[in-house]
Amino acid sequence: MHDIFLLGLNHKTAPVAVRECLAFTAPESVQAMAWLRKHAAIGEVVLFSTCNRVEILYTARDNAAALAAVKGFLSEYKQVSTHQFESSLYFYSGEEAVRHIFRVAASLDSMMVGEPQILGQIKAAYRTATQEKSTGVILNRLLHRTFWLAKRIRSETGIGDHAVSISYAAIELGRKIFGSLEKKKVLLIGAGEMAELAVEHLIRNRAGDILVANRTFSHAVELAGRYRGQAIRFEEIAKALATVDIIISSTGAPGFVILPDHVKGVMRGRKNRPLFFIDIAVPRDIDPKINRITNSYVYDIDDLKGVVDENIEDRGQEAIKAERLVDEAVIQFHKWYKGLEVVPTIVALRQQMEKIVEAEINRTLHGLGYETETDREAFSRMKTALINKILHYPTLFLKQKDTHGDTAAYLNTVRRMFQLDENNDCGGKH
Amino acid sequence: MFTFFFYLLSMAAYIAYLFFQHDRLQKIGYLLMLTGFVSHSLSLLLGYFTTGFFPGHNLYQTLLIAGWAFTGVFLLFQYRFNLKILGVYAAPLATVIMAVCLRAPEPAENVAVFFKSFWLFFHVITIFLGNAAFALACGIGVLYLIQEHNIKTKHRGFFFRRLPSLDLLDSTGHGCIIAGFTLLTIGLVAGILYAKAIWGRFWSWDVKEVWSGIMWLFYAALLHERLTVGWRGRKAAVMSIIGFMVLLFTFFGVNFLLGGHHGDFTR
């Protein structure tokens with residue numbers, strides 16, 4: 001029977017230059033899967049290619065021949081000699097390959113543990129593979145289990161719960177103050193990558209009007225145009241505090257841009273509605289004393305970094321729980337996979353038959369109201385004869401490997417028809 | 001006894017929810033509280049039908065009604081605002097009230113005929129429901145102060161994650177104050193009308209009446225200032241806690257320490 005293998009490289013094993021060389025675009029992935037599928041040594045195949053990893057998951061009978069074929073293909077297709085990337089490769093077989101793909105989909109192997117994008121990328125790769133008909137019984141089952149497990153890990157652990165970037169941390173804090181960020185008015189002071197990212201996140205969270213202030217008014221106009229906001233002059237900042245809710249500041253000013261008096265002056269006018277200051281500038285733009293004013297909250301870059309570090313640590317704790325769920329899923333998958341071998345399936349089928357016939361005999365005898373030892377022996381003999389006769393041709397069919405192509409597909413069908421995996425399945429759709 | 005048992009179980013479920021954060025635990029806590037409330041209501045009805053009087057003329061019965069009103073108001077607010085964590089405050093408080101109730105002496109029935117008045121029933125029920133809303137506002141105020149402290153000091157510990165946003169706490173607390181004030185006002189008017197019917201005068205400067213007036217003025221000022229100046233957030237939370245202290249003094253302190261004719265109902 002085919003075994004499962006995985007060959008690949010990722011951000012931990014290969015520098016970005018190597019990853020770039022071997023990355024596949026979507027059309028290239030289609031061609032690659034078609035080529036690999038046609039190779040005699042390879043059974044089923046799926047190819048994942050993201051900015052951080054290139055992995056080929058495949059089944060094969062002859063490990064050495066398949067491995068050589070995959071490596072050769074990578075080298076030939078990407079026009080890179082094997083020795084340039086061989087040292088960056090990792091190779092897993094059997095249970096280890098299964099564990100690896102489970103961990104990747106659950107984002108336990110990602111640069112940032114818990115990031116949600118990877119699952120979508122694997123799903124997209126699998127969709128392409130199914131369209132190209134490069135998967136079969138084994139990888140279909142494996143990938144469905146992978147998606148089911150990733151979903152379970154996301155819902156049962158807090159692996160993706162907390163923000164792990166400065167701008168997301170600011171949004172998370174904003175939610176703790178305002179509940180929803182919807183229609184909250186934002187004032188962006190100055191510009192900078194991180195500040196703009198935070199504004200974009202706020203817009204995605206349906207924030208309200210965006211005001212932009214900059215020392216150079218033309219820059220403010222340009223930036224405001226990008227966010228469909230309104231530009232204001234730098235001198236108008238203090239007045240604008242009366243109407244906005246969130247202030248993101250990132251100027252290169254040497255001193256504080258907003259002082260406690262500015263805030264005290266507007267608090268009564270805004271009926272003490274909360275003000276949330278996100279100070280990303282170094283040196284700081286917002287006087288930290290503002291944090292002492294009731295209903296105003298100041299977070300500077302160090303505070304936000306602290307939030308991110310704590311969240312990363314939390315994710316690490318949750319990852320331990322996730323690893324346990326992965327171990328569990330690997331064991332379950334292994335059970336199913338072992339069942340695909342001919343002998344265990346025939347044994348399981350026979351046991352299932354015996355269980356059914358035995359139950360029916362007992363019910364019949366009980367209904368008759370009498371039962372002797374001789375009757376019981378006769379029924380038992382009948383049971384064995386019946387099962388032998390019923391299972392004779394199916395057993396021969398399953399054992400004659402050479403007469404039909406994909407044994408795993410037939411075994412899988414038999415197991416599903418007679419629900420032989422009923423007890424070790426966790427309810428995932430296959 | 002059944003009621004106490006359900007409140008106790010609800011408290012356990014809510015405390016477990018506080019630690020483990022499984023929504024199912026919160027739902028179980030809520031359902032147990034609801035079951036306790038039904039049992040509580042039935043016991044009050046039974047009290048009414050067996051004696052023929054509204055059960056509110058001794059400490060045991062007064063506490064029984066206070067607990068009932070508090071649980072009812074909590075269930076309603078929980079349903080309306082879905083402030084899941086609120087049960088962590090409400091369930092233990094309801095349990096404590098019932099525990100005190102179980103320990104309180106149940107004096108022999110010797111009830112004056114004026115207890116049959118509808119106005120008394122209406123007065124007591126509205127006042128108690130109002131007080132229950134103020135009690136909830138106090139709890140929410142405490143939760144607000146904890147969360148506000150967490151955000152201000154950048155201390156993102158155990159409660160930071162478990163408590164909701166400041167905005168939700170503030171608006172729920174405000175909702176409680178509005179509901180409490182409305183009910184208190186109706187209750188006081190009913191009490192005044194009842195006093196006129198029984199004693200022939202609307203207001204007798206009884207110490208309880210004076211303190212109830214102070215309490216009404218306090219909450220009126222709180223609502224007024226919120227509308228005009230914007231007493232929200234921290235200030236509103238602190239004031240709702242102080243308001244509840246005034247309420248507790250009006251309820252217990254006045255009766256036990258200062259006397260007056262309301263004392264008859266709580267002995």
Side-chain angles (χ1 to χ4, degrees), chain A residues 155-158 161-163 169-184 242 245-246 266-279 288-314 317-318 321, chain B residues 17 19-25 80-86 140-141 143-175 222-241:
Chain A
S155 63
E156 289 184 21
T157 73
D161 280 358
H162 307 298
I171 304 291
E172 192 180 272
L173 286 163
R175 282 215 191 93
K176 279 285 177 191
I177 296 168
F178 299 109
S180 161
L181 298 172
E182 204 172 330
K183 293 191 179 155
K184 292 287 171 264
D245 304 292
I246 300 167
V266 298
M267 265 318 201
R268 195 180 165 95
R270 54 182 289 118
K271 290 196 173 169
N272 281 299
R273 277 181 295 110
L275 269 172
F276 178 34
F277 295 89
I278 303 161
D279 187 358
K289 286 189 196 117
I290 291 173
N291 196 45
R292 290 190 210 150
I293 299 171
T294 310
N295 295 342
S296 56
Y297 308 92
V298 180
Y299 271 73
D300 62 33
I301 188 80
D302 282 357
D303 299 330
L304 292 170
K305 264 188 195 152
V307 172
V308 169
D309 290 346
E310 264 182 54
N311 286 348
I312 289 172
E313 203 176 299
D314 287 344
Q317 290 296 318
E318 293 303 307
K321 279 189 219 165
Chain B
Y17 169 69
F19 283 93
F20 302 112
Q21 293 285 289
H22 293 314
D23 280 355
R24 195 179 289 173
L25 288 168
R80 168 73 183 78
F81 288 96
N82 197 24
L83 190 61
K84 290 177 181 170
I85 200 77
L86 194 55
I140 294 167
L143 297 180
Y144 184 96
L145 292 181
I146 295 171
Q147 185 67 311
E148 200 239 7
H149 180 261
N150 285 332
I151 296 174
K152 280 268 186 203
T153 56
K154 285 108 188 190
H155 177 71
R156 297 158 19 83
F158 183 80
F159 283 106
F160 178 83
R161 303 232 160 110
R162 286 162 170 83
L163 291 177
S165 69
L166 294 179
D167 183 73
L168 180 61
L169 289 166
D170 186 53
S171 53
T172 313
H174 181 55
L222 176 55
L223 285 173
H224 177 264
E225 290 300 293
R226 185 176 179 112
L227 279 173
T228 54
V229 186
W231 273 15
R232 63 176 73 236
R234 183 181 172 76
K235 197 169 260 179
V238 172
M239 294 307 269
S240 54
I241 295 167

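The chains referred to below are lettered A, B, ... by the order of the sequence lines, with proteins before strands, and numbering in each begins at 1.
- Using a 4.5 Å cut-off between heavy atoms, A/Asp314 contacts chain B through its side chain alone, with no backbone atom that close.
- Contacts of A/Ile293 with chain B are made by backbone atoms alone, with heavy-atom separations under 4.5 Å and no side-chain atom involved.
- Of the listed residues (A/Arg273, A/Arg175, A/Arg270), the greatest number of heavy-atom pairs within a distance under 4.5 Å of chain B belongs to A/Arg273.
- Residues A/Thr294 and B/Arg234 come closest through the heavy atom pair CG2-CB, 3.7 Å.
- Of the atoms belonging to B/Leu169, not a single heavy atom falls under 4.5 Å from chain A.
- With a 4.5 Å cut-off on non-hydrogen atoms, A/Glu172 touches chain B through its side chain but not through its backbone.
- With a 4.5 angstrom heavy-atom cutoff, B/Thr228 touches chain A only via backbone atoms.
- Using a 4.0 Å cut-off between charged nitrogen and carboxylate oxygen, B/Asp167 and A/Lys176 do not count as a salt-bridge pair.
- A 6.0 Å sphere centred on CZ of A/Arg268 holds no more than 12 heavy atoms belonging to other residues, nucleotides or ligands.
- Heavy atoms of B/Gln147 lying under 4.5 Å from chain A belong exclusively to its side chain.
- Side chain of A/Asn272 to main chain of B/Gly230: a donor-acceptor pair is present (N/O by atom type, distance under 3.5 Å, no hydrogens or angles).
- In this structure, CG on A/Leu181 lies 10.0 Å from OG on B/Ser165, to the nearest 0.5 angstrom.
- Enclosure of atom CD in A/Glu313 is not indicated, since only 12 or fewer non-hydrogen atoms of other residues, nucleotides or ligands lie within 6.0 angstrom.
- For B/Ile151, the parts lying near chain A are the backbone and the side chain together; criterion is any non-hydrogen pair under 4.5 Å.
- For the residue pair A/Asn295 and B/Lys152, the shortest heavy atom distance occurs at N-NZ, 4.3 Å.
- Looking at A/Tyr297 and B/Leu166, their side chains come closer than 4.5 Å, going by heavy atoms from C-beta outward.
- Across all their heavy atoms, A/Asn291 and B/Lys154 have their closest contact at ND2-NZ, 3.8 Å.
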